[in-house]
Amino acid sequence: MNARYVFRRSDIKDDQDFMSTPSGYCLLGAEITSDFSISNHKVKFAIRCENLLNVVYRDYLNRLRYFANEEGRNLAISLKFDL
């Protein structure tokens, strides 16, 4: 499990940018991995999810923040074989 909290930037004035700075946000994530072997070959299986709660947010350092929100929930499944 992991959590990341980003505070709202308070050092930028509203007249210094096209938009006011985005609000702060908290993102939760989780990852589960398992290692096993199949006939002398090591196999690693992993499932990772970022932004579990599907929080709508805008990152101040993203150049596209003026136009769109960041990605929502992201699920990744990986399978690695060592031959």
Side-chain angles (χ1 to χ4, degrees):
M1 297 292 296
N2 61 48
R4 177 175 53 163
Y5 187 82
V6 177
F7 293 94
R8 181 175 193 262
R9 288 196 61 161
S10 59
D11 59 339
I12 305 292
K13 297 177 185 171
D14 287 340
D15 61 351
Q16 290 178 317
D17 206 346
F18 297 113
M19 290 176 59
S20 61
T21 57
S23 302
Y25 54 89
C26 181
L27 301 177
L28 298 177
E31 182 175 8
I32 298 172
T33 62
S34 177
D35 296 327
F36 55 94
S37 59
I38 298 175
S39 65
N40 297 332
H41 299 292
K42 292 181 182 178
V43 178
K44 182 175 182 177
F45 178 76
I47 298 176
R48 183 179 67 243
C49 185
E50 299 172 3
N51 195 1
L52 278 170
L53 302 177
N54 204 20
V55 175
V56 176
Y57 68 100
R58 291 189 180 200
D59 187 0
Y60 183 77
L61 298 178
N62 186 345
R63 285 186 246 168
L64 297 176
R65 71 184 163 92
Y66 300 115
F67 309 105
N69 295 327
E70 295 291 325
E71 293 179 341
R73 188 176 298 124
N74 188 2
L75 181 66
I77 299 173
S78 65
L79 190 62
K80 178 182 175 184
F81 291 100
D82 289 334
L83 301 175

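Just so it is clear, the structure is predicted and the values come from calculations on it, not from any experiment.
- Under a 3.5 Å cut-off, the side chain of Arg73 and the backbone N or O of Cys49 do not form any donor-acceptor pair.
- Summarising the local packing, CG of Asp82 is surrounded by more than 12 heavy atoms from other residues, nucleotides or ligands at distances under 6.0 Å.
- Hydrophobic clustering (side-chain heavy atoms under 4.5 Å, transitive across Ile, Leu, Val, Met, Phe, Trp, Tyr) keeps Ile12 apart from Met19.
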- prompt: Which is it for Phe45 and Ile32 under the side-chain contact (heavy atoms from CB on, under 4.5 Å) test, yes or no, and what are the steps along the way?
  reply: CA-CA 8 Å; Phe45 178 76; Ile32 298 172; over 6 Å; no
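- Counting heavy-atom neighbours within 6.0 Å of Arg4 CZ, excluding the residue itself, gives a total of 12 or less.
- Taking OG of Ser23 as the start and CZ of Phe7 as the end, the distance is 13.5 Å to the nearest 0.5 Å.
- Considering CG of Leu83 and CG of Asn40, their distance stands at 12.0 Å, rounded to 0.5 Å.
- Contact record, Ala30 with Met1: CB-SD, 3.6 Å, taken as the closest heavy-atom pair.
- Here the CZ atom belonging to Phe36 is positioned 13.0 Å from the NE2 atom belonging to His41, to the nearest 0.5 angstrom.
- Within 6.0 Å of atom CD in Gln16, more than 12 heavy atoms from other residues, nucleotides or ligands are found, so the atom counts as buried in its surroundings.
- Arg58 places a side-chain N or O within donor-acceptor distance of the main-chain N or O of Arg65, the cut-off being under 3.5 Å.
- A chain of hydrophobic side-chain contacts below 4.5 Å, direct or via other Ile, Leu, Val, Met, Phe, Trp or Tyr residues, connects Val43 to Ile77.
- Under 3.5 Å, the side chains of Tyr25 and Asn51 contain no donor-acceptor pair of N or O atoms.
- Here the shortest heavy-atom pairing between Pro22 and Tyr60 reads CD-CD1, 3.7 Å.
- Atoms CG and CG, from Asn69 and Asp59 in turn, are 11.5 Å apart once rounded to the nearest 0.5 Å.
- Considering CG of Leu53 and CG of Leu28, their distance stands at 4.5 Å, rounded to 0.5 Å.
- Once rounded to the nearest 0.5 Å, the distance linking NZ of Lys80 with CG of Asp35 reads 9.0 Å.
- The main-chain N or O of Glu31 is never found under 3.5 Å from a side-chain atom of Arg48 such that the two would form a donor-acceptor pair.
- Hydrophobic clustering (side-chain heavy atoms under 4.5 Å, transitive across Ile, Leu, Val, Met, Phe, Trp, Tyr) keeps Leu75 apart from Val55.
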- prompt: Passes side-chain contact (heavy atoms from CB on, under 4.5 Å), Thr33 versus Lys44? Steps please.
  reply: CA-CA 7 Å; Thr33 62; Lys44 182 175 182 177; 4.3 Å; yes
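- Clustering ILVMFWY residues whenever any of their side-chain heavy atoms sit less than 4.5 angstrom apart, transitively, puts Ile47 in the very cluster that holds Leu79.
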